[in-house]
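Have a look at the structure below before the remarks.
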Amino acid sequence: MKILFVGPGNNHKYGGGFYYAFHRRLINGFIRSGHFVYAYSDRDTADYALGVRQIGSWLANKRLLDIAKELRPEMMVLLLSYLITPQTVRRIRELVPGIKIAAICIDDIDHERPAAQFRYLLEAADAGFATTGGETLQDFAGSKPVAFIPNPIDLSIDTGQAFAETKHRFELFFACHQPPVDARWQFIAALQKELPSSIRVGLYGNKTGDALRGADYVDTLSHTKIGLNLNRRDGDLYASDRMGQFLGNGLLLATPRASGYDAVFSEDEMLFFDGLADLSRRLVTALGPGEPWRKMARAGREKAIATMNETCVARFICDFTMGGTWAQNWTFSEHAFAAGSNVRQRDLVATTH
């Protein structure tokens with residue numbers, strides 16, 4: 001079918017520095033599933049208004065209407081497209097009868113701003129998807145069905161196989177565009193004091209000018225042994241896109257057990273830890289005699305490719321949005337919620353007493 005994909009574009013201040021971004025993986029997945037994709041960026045279009053936001057927003061909505069009228073897509077995907085108004089989406093429904101619309105949020109919807117943005121996109125959509133699962137996502141299953149999707153692996157982008165390399169720059173890697181006061185940097189500082197000096201730690205993003213982007217970023221991942229997956233909070237399967245990037249490029253992913261991914265990956269496929277001391281001990285073991293990290297990283301990558309590659313994620317989005325049934329082997333079925341399922345049993349009990 002024809003898919004109108006509304007999301008980030010090319011006018012990013014870093015240019016090609018984020019060629020491995022989420023939306024490119026998902027577009028690839030739709031195309032590799034046999035669909036035609038017309039990619040439209042509301043923000044790129046608004047930029048033509050020379051910074052005049054009101055005019056830029058009007059222009060972005062008008063052009064989307066024109067494209068939808070001419071293309072007549074069967075499905076439209078809204079990803080981070082907050083300039084597009086519900087009124088525009090409703091008008092598109094009039095112009096293209098039968099069109100189905102998917103809203104996607106890739107930020108943690110446990111936080112106020114992403115939650116509000118997700119609800120805004122859901123207002124005019126048929127189904128919603130988020131990289132946050134669990135009860136946090138279930139709370140959004142009001143009049144619309146919602147489902148969790150993982151950060152996808154795409155082997156046309158994730159070209160590294162760190163577990164097969166003989167020379168590595170770092171034993172442990174973490175990147176995060178947050179100031180030094182962020183709790184994650186403090187956690188890593190304490191961790192480094194616990195680790196042997198032989199474990200080289202690559203850190204990027206906590207100081208001005210030390211960001212790592214583009215091919216340099218992917219090449220560094222390809223020559224790193226273990227990637228540290230630290231998010232602002234743990235739980236509900238939420239993880240930033242670094243998770244897909246680390247797994248896809250063959251690093252052993254180290255993530256808090258509280259993330260919930262121990263229900264998907266085994267102890268032989270991912271390094272789970274409970275706190276700083278446990279992480280330090282497990283890192284030393286994984287990097288020690290026999291280099292267990294290599295076998296674990298290879299197995300983790302293979303599991304990720306099988307369960308969260310760009311094509312299977314895209315197919316699930318299509319099937320769920322179009323109202324059909326999805327593959328029985330979809331790994332994250334427990335995190336798909338029908339419309340109206342946000343009222344949980346415990347809430348019903350509370351309201352009857």
Side-chain angles (χ1 to χ4, degrees), residues 1-7 21-37 39 73-81 98-109 118 121-122 125-138 140-141 144-158 236-241 243-245 247-248 259-261 263-265 300-342:
M1 62 184 173
K2 288 178 289 186
I3 297 176
L4 176 52
F5 189 100
V6 187
F22 183 100
H23 69 284
R24 300 189 187 282
R25 297 165 183 261
L26 198 53
I27 289 173
N28 286 347
F30 287 128
I31 293 172
R32 289 164 188 159
S33 298
H35 306 298
F36 169 80
V37 178
E74 286 83 6
M75 178 174 161
M76 181 165 70
V77 176
L78 303 174
L79 172 66
L80 305 176
S81 49
I99 188 174
K100 294 291 186 178
I101 298 168
I104 301 176
C105 182
I106 58 176
D107 296 314
D108 186 1
I109 54 175
F118 190 37
L121 292 179
L122 274 176
D126 292 293
F129 303 87
T131 52
T132 307
E135 292 188 355
T136 300
L137 176 60
Q138 188 175 2
F140 288 80
K144 310 291 172 65
V146 294
F148 168 82
I149 52 173
N151 288 283
I153 308 300
D154 183 341
L155 296 187
S156 70
I157 296 173
D158 303 317
D236 294 324
L237 298 182
Y238 175 74
S240 80
D241 54 0
M243 180 177 183
Q245 294 157 10
L247 287 169
S259 67
Y261 277 97
V264 180
F265 291 82
R301 186 174 189 258
E302 290 176 355
K303 169 66 75 65
I305 291 170
T307 60
M308 46 194 280
N309 69 72
E310 83 289 354
T311 303
C312 72
V313 172
R315 285 176 179 167
F316 172 73
I317 291 172
C318 288
D319 292 343
F320 193 83
T321 303
M322 301 304 286
T325 58
W326 58 89
Q328 293 299 313
N329 61 350
W330 176 246
T331 304
F332 307 96
S333 293
E334 293 184 0
H335 299 268
F337 305 105
S341 63
N342 58 335

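Index from 1, following the sequence.
- Minimum interatomic distance between Phe265 and Ala304 (heavy atoms only, all atoms of both residues): CE2-N, 3.9 Å.
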side-chain contact (heavy atoms from CB on, under 4.5 Å) assessment of Leu247 paired with Met308: CA-CA 10 Å; Leu247 287 169; Met308 46 194 280; 4.2 Å; yes
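- Rounded to the nearest 0.5 Å, atoms NZ (Lys2) and CE (Met76) are 14.5 Å apart.
- With values rounded to the nearest 0.5 angstrom, Asn28 atom CG is found 9.0 Å from Arg25 atom CZ.
- With hydrogens and angles disregarded, no donor-acceptor distance shorter than 3.5 Å links the side chain of Lys100 to the backbone of Gly323.
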Chi angles and distances behind the side-chain contact (heavy atoms from CB on, under 4.5 Å) call for Arg32, Asp154: CA-CA 11 Å; Arg32 289 164 188 159; Asp154 183 341; 2.9 Å; yes
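- Rounded to the nearest 0.5 Å, atoms CG (Leu122) and NZ (Lys144) are 6.5 Å apart.
- With respect to Phe148, the ring pair (Phe, Tyr, Trp, His ring centres under 6.0 Å) criterion is satisfied by exactly one of Phe332, Phe129, Phe140: Phe332.
- Between Trp330 and Phe316, the ring planes lie parallel to each other; the angle is under 30°, not in the 30° to 60° tilted range.
- Side-chain atoms of Asp236 do not come within 3.5 Å of backbone N or O of Tyr238 as any donor-acceptor pair.
- In summary, of the residues considered (Asp126, Thr321, Ile101, Val37), a side-chain contact (heavy atoms from CB on, under 4.5 Å) with Met75 occurs for Thr321 alone.
- Side-chain N or O atoms of Ser81 include none that pairs as donor or acceptor with a backbone N or O of Leu78 at under 3.5 Å.
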